[in-house]
Amino acid sequence: QVQLVESGGGLVQAGGPLRLSCAVSGGAFGVYAMGWFRQAPGKGREFVATITWSGSSTKYADSVKDRFTISRDNAKDTSFLQMNSLKPEDTAVYYCAAKAPVPGGAFAESPREYDYWGQGTQVTVSS
């Protein structure tokens, strides 16, 4: 059974950094594309960033581009989301997700494209 566990969330002042981690167990981490999503109160789950299985390609939502960086360490079965210059509007529960490989698949930005999910970690940015 594939399990994803996020960590690193918390309370931070606007302009500060935070680094989220997502540890994956029970599956073949090295073949999964990884994604990060977030969900603010009363809103739907929003795409944040995704990275290919090799780590060679990434894609970001416009709202976080140039502030957030997604990465992965396949030797440690872990994905990361480095968040800099945080804003109050970044406040949300952040989820990591894993997507099994699909032949010819492009970047996955919809939550429905992902197969496994973590339980989420709260990020609160104070103004």
Side-chain angles (χ1 to χ4, degrees):
Q1 183 178 357
V2 180
Q3 291 188 321
L4 286 70
V5 179
E6 301 98 336
S7 61
L11 175 64
V12 63
Q13 286 191 333
L18 209 57
R19 190 192 197 206
L20 305 182
S21 299
C22 174
V24 180
S25 62
F29 178 79
V31 304
Y32 297 143
M34 296 298 297
W36 285 91
F37 291 78
R38 65 187 182 186
Q39 189 164 12
K43 296 188 176 181
R45 196 161 293 191
E46 174 190 24
F47 168 75
V48 175
T50 185
I51 187 168
T52 55
W53 66 271
S54 66
S56 61
S57 297
T58 58
K59 189 171 185 180
Y60 299 89
D62 288 343
S63 59
V64 307
K65 201 173 295 182
D66 298 327
R67 298 189 299 122
F68 290 10
T69 302
I70 188 172
S71 62
R72 64 190 297 157
D73 184 340
N74 285 355
K76 297 182 177 180
D77 293 353
T78 303
S79 175
F80 304 97
L81 186 68
Q82 177 67 44
M83 305 184 293
N84 296 329
S85 302
L86 281 162
K87 305 174 181 180
E89 50 263 44
D90 294 318
T91 295
V93 177
Y94 282 72
Y95 299 89
C96 70
K99 176 180 179 297
V102 175
F107 283 119
E109 298 180 46
S110 169
R112 290 175 292 181
E113 298 182 81
Y114 287 80
D115 301 288
Y116 308 104
W117 289 86
Q119 81 290 346
T121 185
Q122 176 70 45
V123 172
T124 303
V125 184
S126 63
S127 57

Close side-chain approach of S79 and I70, heavy atoms under 4.5 Å: yes
Any V24 side-chain heavy atom under 4.5 Å of C22 side chain: yes
Test side-chain contact (heavy atoms from CB on, under 4.5 Å) applied to Y94 and Q122, step by step: CA-CA 6 Å; Y94 282 72; Q122 176 70 45; over 6 Å; no
Common cluster, L20/L86, ILVMFWY with side-chain heavy-atom separation under 4.5 Å: yes
ring-ring contact (aromatic ring centres under 6.0 Å, His included) assessment of Y116 paired with Y32: CA-CA 10 Å; Y116 308 104; Y32 297 143; 5.8 Å; yes
side-chain contact (heavy atoms from CB on, under 4.5 Å) between L4 and M34, intermediate numbers included: CA-CA 11 Å; L4 286 70; M34 296 298 297; 4.1 Å; yes
Min side-chain heavy-atom separation V12-T124 under 4.5 Å: no
Lys NZ or Arg CZ of R72 over W53 ring: under 6.0 Å, within 45°: no
Check: K76 and F29 side chains under 4.5 Å, non-hydrogen atoms: no
F68 vs N84, side-chain contact (heavy atoms from CB on, under 4.5 Å): CA-CA, chis, key distance, verdict: CA-CA 6 Å; F68 290 10; N84 296 329; over 6 Å; no
4.5 Å side-chain heavy-atom contact, V48 and L81: yes
Side chain to side chain, L11 and V125, heavy atoms closer than 4.5 Å: no
N/O donor-acceptor pair under 3.5 Å between E6 side chain and C96 backbone: yes
Geometric cation-pi criterion R19 and F80, 6.0 Å radius, 45° cone: yes
Salt bridge present between D90 and R67 (N-O < 4.0 angstrom): yes
From CA spacing to verdict: ring-ring contact (aromatic ring centres under 6.0 Å, His included), F37, W117: CA-CA 10 Å; F37 291 78; W117 289 86; 5.1 Å; yes
Residues S57, I51; criterion side-chain contact (heavy atoms from CB on, under 4.5 Å); working and verdict: CA-CA 6 Å; S57 297; I51 187 168; over 6 Å; no
Any P17 side-chain heavy atom under 4.5 Å of M83 side chain: no
Y114 versus T50, side-chain donor and acceptor atoms under 3.5 Å: yes
D115 (side chain) donor-acceptor with A100 (main chain) under 3.5 angstrom: yes
Closest approach of A40 to A92 (non-hydrogen atoms, all atoms of both residues): N-CB, 3.8 Å
same_hphob_cluster(V2, W36) at 4.5 Å side-chain heavy-atom cutoff: yes
Path from Y95 to F47 over hydrophobic side-chain contacts below 4.5 Å: yes
Basic-acidic side-chain contact under 4.0 Å: R38, E46: yes
